[in-house]
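This report concerns only the one structure given below.
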Protein chains: 2
Amino acid sequence: MDDEPSIVRALRINLTARKYEVSTATDGASGLAAVARDRPDVMILDLGLPDMDGTEVIRGVRGWTSTPIIVLSVWGEESRKVAALDAGADDYVTKPFGMDELLARLRAAVRRASSAPDEPVVSTGHFTVDLAAKRVTRQDGDDVSLTHTEWQLLEVLVRNRGRLVTQRQLLQEVWGTAYETESNYLRVYVAQLRRKLEPEPSQPRYLLTEPGMGYRFGG
Amino acid sequence: MDDEPSIVRALRINLTARKYEVSTATDGASGLAAVARDRPDVMILDLGLPDMDGTEVIRGVRGWTSTPIIVLSVWGEESRKVAALDAGADDYVTKPFGMDELLARLRAAVRRASSAPDEPVVSTGHFTVDLAAKRVTRQDGDDVSLTHTEWQLLEVLVRNRGRLVTQRQLLQEVWGTAYETESNYLRVYVAQLRRKLEPEPSQPRYLLTEPGMGYRFGG
DNA sequence: GCTGGGCGTTAAGGTTTTATCAAGATCGTC
DNA sequence: GACGATCTTGATAAAACCTTAACGCCCAGC
């Protein structure tokens with residue numbers, strides 16, 4: 001999906017030559033329709049669309065599928081790239097780009113998506129999180145009871161184990177788009193999770209803060 | 001592409017002897033046409049063209065491809081070199097130059113362009129940068145914790161690995177357009193990164209200074 | 001040998017971000 | 001409608017960070 005005909009054409013030619021099936025669109029609305037209709041393995045999205053903001057498109061797609069999304073942006077659009085990644089994009093390529101680079105990222109995206117049988121149980125030295133059963137057990141045997149909100153927050157962090165998750169991303173996933181800036185919620189709930197899970201809540205071992213960026217589940 | 005016949009001839013002879021396919025031009029317009037026609041792996045561009053400014057040529061090429069561009073300039077044309085790099089050139093060589101140096105930079109440019117940046121993980125001998133997880137691990141196993149600003153700066157440099165990134169570009173990406181001239185910030189933050197990443201911060205191996213130009217992530 | 005510019009280094013001030021606590025509002029259930 | 005649990009909100013203290021300025025170094029040019 002791209003609003004520049006020349007790029008769309010070049011991509012179509014290159015990808016078709018490599019035996020990809022390609023369908024294209026030149027604005028957000030028809031792009032969303034095409035994704036719903038064709039169920040592609042990957043989506044390539046230019047952030048400069050004529051009719052709507054790129055992040056809106058991403059959210060539209062993420063509402064019902066985890067199809068990998070690769071974003072195209074021009075040099076210097078750092079904040080828009082970050083917004084796109086926050087909204088759920090998987091990777092980005094800066095224009096102008098070499099076809100080789102795009103193809104490499106495309107392959108990587110497909111590979112990641114097809115080999116993602118996420119592990120339903122995650123263990124640390126002090127507790128075990130069972131994502132399927134929605135259950136947390138401390139290593140001494142006690143079950144930890146979490147509220148709905150606490151669980152949702154923990155689940156997002158655990159599913160991204162080792163990865164930094166931005167505040168915006170967490171707020172969006174747990175509280176919804178409207179709460180993107182309410183970082184107070186995060187502090188309160190991260191503190192509650194720490195009190196329930198960490199051996200020493202004041203010196204977190206698993207629920208780590210990355211100041212200015214977000215949180216990370218490590219261990 | 002060069003307006004001095006003797007240099008063009010010397011380059012052609014040397015490069016052809018080393019099994020490169022060479023096509024030449026002596027002004028900007030025909031140079032652009034040649035790039036479009038021949039799709040070279042690398043472009044060598046002299047900044048002193050008769051018909052148009054070198055940066056115009058760079059922008060013309062960058063509009064549709066990321067083919068590496070190596071700039072030739074005479075000594076003392078600092079500002080023009082910077083402008084060329086800002087416009088999207090990959091590297092520069094100052095005239096008069098040794099053929100060995102040019103060949104080395106040429107090989108480096110080709111290698112960079114063809115090595116697909118498949119994985120969002122970049123490793124050096126001393127540390128590993130995981131761009132997706134926003135995580136830096138030292139080879140001895142310790143995680144390095146970076147602040148938001150430090151991380152952004154490192155990310156830009158790593159994504160342009162081996163390539164010279166101008167001060168202006170860095171400032172623009174990390175601090176925004178309004179800070180284009182605050183090169184003080186760069187010194188402070190590059191120093192901090194070196195202290196955290198380099199085995200010997202006072203003799204950088206990876207975060208390299210290009211005096212008057214910018215910085216380069218090598219290794 | 002002096003001077004000036006660019007770079008590296010350091011430390012302190014002020015600001016922003018985070019942790020913690022507690023009280024009020026809301027929700028679901030009985 | 002009452003109760004308990006949960007969620008929201010606000011206040012305050014603590015920590016981390018960004019910015020700024022000063023100083024020393026090195027190199028090039030005079």
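Lettering of chains follows the sequences in order, A, B, ..., and the numbering in each one begins at 1. Bear in mind that the values here come from a model prediction, so they are computed numbers and not experimental data.
Looking at heavy-atom distances under 4.0 Å, Gln167(A) makes contact with sugar-phosphate atoms alone, never a base. Among the protein residues, Arg195(A) comes within range of no part of the nucleic acid, since none of its heavy atoms lies under 4.0 Å from any strand. When heavy atoms are screened at a 4.0 angstrom cut-off, Thr149(A) is found touching the sugar-phosphate backbone but no base atom.
Taking a 6.0 Å sphere around CG of Asp41(B), one finds it holds 12 or fewer heavy atoms contributed by other residues, nucleotides or ligands. Few gaps surround CZ on Arg216(B); more than 12 heavy atoms of other groups in view lie less than 6.0 Å from it. Environment of CZ in Arg62(B): crowded, with over 12 heavy atoms of neighbouring residues, nucleotides or ligands closer than 6.0 Å.
When rounded to the nearest whole Å, the span between CG of Leu170(A) and C1' of dT18(C) equals 15 Å. Rounded to whole Å, atom P of dG8(C) lies 11 Å from atom CG of Leu208(B). For the pair His148(A) NE2 and dT29(C) C1', the interatomic distance rounds to 17 Å; values are reported in whole Å. The separation between Gln192(B) atom CD and dT19(D) atom P is 11 Å, rounded to whole Å. When the C1' atom of dC17(D) is taken as reference, atom CD of Glu210(A) falls 14 Å away, rounded to whole Å. For the pair Arg187(B) CZ and dC25(D) P, the computed distance is 17 Å after rounding to whole Å. A straight line from CE of Met213(A) to P of dA16(D) spans 14 Å, rounded to a whole angstrom. Here the C1' atom of nucleotide dA16(D) and the CD atom of Gln203(A) are 16 Å apart, to the nearest Å.
Side chain to side chain, Thr209(B) and Arg187(B) fail the donor-acceptor criterion of an N or O pair below 3.5 Å. Using modelled atom types, one finds a donor on one side chain and an acceptor on the other under 3.5 Å when comparing Thr67(B) with Thr65(B). Judged purely by distance below 3.5 Å, without hydrogens or angles, the side chains of Thr128(A) and Thr137(A) never pair a donor atom with an acceptor atom.
Here Trp175(A) does not reach the OP1 or OP2 of dC7(D): none of its side-chain N or O atoms lies under 4.0 Å away. Taking side-chain N and O atoms only, Thr209(B) has a distance below 4.0 Å to OP1 or OP2 of dG8(C). Taking side-chain N and O atoms only, Ser202(B) has no distance below 4.0 Å to OP1 or OP2 of dG8(C). A close approach under 4.0 Å does not occur between any side-chain nitrogen or oxygen of Tyr215(A) and OP1 or OP2 of dT18(C). Contact check, Thr147(A) against dT6(D): no side-chain N or O comes under 4.0 Å of OP1 or OP2.
For Tyr189(A) and Trp151(A), the distance between ring centers is not under 6.0 angstrom.
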Atom pairs, protein N/O to nucleotides 9-11 of chain D N/O, distance under 3.5 Å:
unit_1: dT9(D); atom_1: OP2; unit_2: Tyr185(A); atom_2: OH; d: 2.3

